[in-house]
K.L.:
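Attaching a single structure in structure tokens format; questions to follow.
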Amino acid sequence: MANAKIIEMKAQQVAEVKEKIAKAQSVVVFDYRGLTVEEVTALRNDMRKAGVEYVVLKNSIVERAAREDGIDEKLHDFLKGPSAFAFGYDDAVAPAKILKEAIKKCEIKGGIVEGAVTGAKDLDAIADLPSRDVLIARLLGSMMSPISGLAIVLDQIAKQKGEGAPAAE
């Protein structure tokens with residue numbers, strides 16, 4: 001009877017992790033050994049502010065959930081030794097960026113970005129990208145630049161035509 005309960009409990013854990021993986025834009029797997037309690041607390045706070053969930057899970061549970069979700073088998077390579085997981089729900093870049101900036105001691109093993117298994121080097125490159133909000137602001141700024149330039153040119157043309165035209169009496 002106890003064995004059936006354990007199997008049911010593990011199946012439930014796999015289902016929960018599978019849901020997290022499906023919902024997340026990115027998942028970063030990292031080795032948390034060497035972090036102090038204060039560093040872990042600060043890391044959790046930083047992640048929470050950015051909409052990232054930090055959890056320590058059994059590698060076998062994550063591997064089974066990823067397999068059920070159709071994630072590439074390469075993820076297995078990252079699931080060795082003690083692992084923590086950062087699930088980025090709002091921004092795919094946020095987990096890698098926070099880990100790279102906040103904690104220099106932990107090793108990023110790899111992860112999943114928008115359904116594709118990604119190595120540590122790729123996650124490091126992703127961490128260097130600006131946040132989603134910054135990219136949107138840059139895009140809007142570049143879209144507004146030609147419009148404001150056109151407005152200035154039209155204003156100058158209107159002023160020139162206004163100066164050269166005879167005054168109406």
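The structure displayed is predicted, hence computed values, not measured ones.
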K.L.:
Please report the shortest heavy-atom distance between Ala92 and Ser26, naming the atom on each side.
P.N.:
O-OG, 2.8 Å
K.L.:
Output the distance between atom OG1 (Thr118) and atom CZ (Phe78), rounded to the nearest 0.5 Å.
P.N.:
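Reported to 0.5 Å precision, the distance equals 7.5 Å.
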K.L.:
Around Lys80, counting heavy atoms of other residues, nucleotides and ligands shown, do more than 12 lie under 6.0 Å from its NZ?
P.N.:
yes
K.L.:
List the atom of Val52, the atom of Ala94, and the distance in Å for their closest heavy-atom pair.
P.N.:
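The pair with the smallest heavy-atom distance is CG2-CB, 3.8 Å.
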K.L.:
Are Val56 and Leu43 linked, directly or through other ILVMFWY residues, by side chains that come within less than 4.5 angstrom of each other?
P.N.:
yes
K.L.:
If we only count heavy atoms from C-beta on, is the Tyr89 to Lys20 side-chain gap below 4.5 Å?
P.N.:
yes
K.L.:
If you count heavy atoms of other groups shown closer than 6.0 angstrom to CD of Glu19, is the number above 12?
P.N.:
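It does not: Glu19 CD has 12 such atoms or fewer within range.
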K.L.:
Gly34 and Glu39: which non-hydrogen atoms are nearest, and at how many Å?
P.N.:
O-OE1, 3.9 Å
K.L.:
Are Val117 and Val27 linked, directly or through other ILVMFWY residues, by side chains that come within less than 4.5 angstrom of each other?
P.N.:
yes
K.L.:
Under the criterion side chain to side chain contact (heavy atoms under 4.5 Å, CB included), I'd like the reasoning laid out for Phe87 against Ile112: C-alpha separation, chi angles, the key distance, then a yes or no.
P.N.:
CA-CA 9 Å; Phe87 293 89; Ile112 305 166; over 6 Å; no
K.L.:
In Å, rounded to the nearest 0.5 Å, how long is the span from NZ of Lys18 to CD1 of Ile71?
P.N.:
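Rounded to the nearest 0.5 Å, the NZ-CD1 separation comes out at 10.5 Å.
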K.L.:
Grouping I, L, V, M, F, W and Y whenever their side-chain heavy atoms are under 4.5 Å apart, do Val40 and Leu99 come out in a common cluster?
P.N.:
yes
K.L.:
Salt bridge between Asp31 and Lys109, side-chain N to carboxylate O under 4.0 Å?
P.N.:
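Salt bridge between Asp31 and Lys109, a charged N being under 4.0 Å from a carboxylate O: no.
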K.L.:
What are the two closest heavy atoms between Tyr54 and Tyr32, and how far apart are they?
P.N.:
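Smallest heavy-atom distance, with atoms named: OH-CB, 4.0 Å.
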K.L.:
Rounded at 0.5 Å granularity, tell me how far CZ in Phe30 sits from CG in Leu123.
P.N.:
12.0 Å
K.L.:
Look only at the side chain of Ser83 and the backbone of Gly81, and say whether a donor-acceptor pair between them is shorter than 3.5 Å.
P.N.:
yes
K.L.:
Rounded at 0.5 Å granularity, tell me how far CG in Asp155 sits from CD in Gln160.
P.N.:
10.5 Å
K.L.:
Take Gln13 and Lys10 through the test side chain to side chain contact (heavy atoms under 4.5 Å, CB included) and record every step on the way to the result.
P.N.:
CA-CA 5 Å; Gln13 289 174 339; Lys10 286 188 178 187; 4.1 Å; yes
K.L.:
To the closest 0.5 Å, what do you measure between CD (Glu16) and CG (Leu57)?
P.N.:
9.5 Å
K.L.:
Can you name the closest pair of heavy atoms from Ala96 and Ile108 and give their distance?
P.N.:
O-CD1, 4.5 Å
K.L.:
Using 0.5 Å steps for rounding, measure from the NZ atom of Lys74 to the CG atom of Leu79.
P.N.:
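Going from NZ on Lys74 over to CG on Leu79, the span is 14.5 Å.
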K.L.:
Indicate if Val29 and Ile98 have the same hydrophobic cluster label, given that clusters are the connected sets of ILVMFWY residues with side-chain heavy-atom separations under 4.5 angstrom.
P.N.:
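No; Ile98 is not reachable from Val29 via cluster members.
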K.L.:
Given the rule that I, L, V, M, F, W and Y join up when any side-chain heavy atoms are under 4.5 Å apart, are Val17 and Leu75 in one cluster?
P.N.:
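Per the 4.5 Å side-chain linkage, Val17 and Leu75 are co-clustered.
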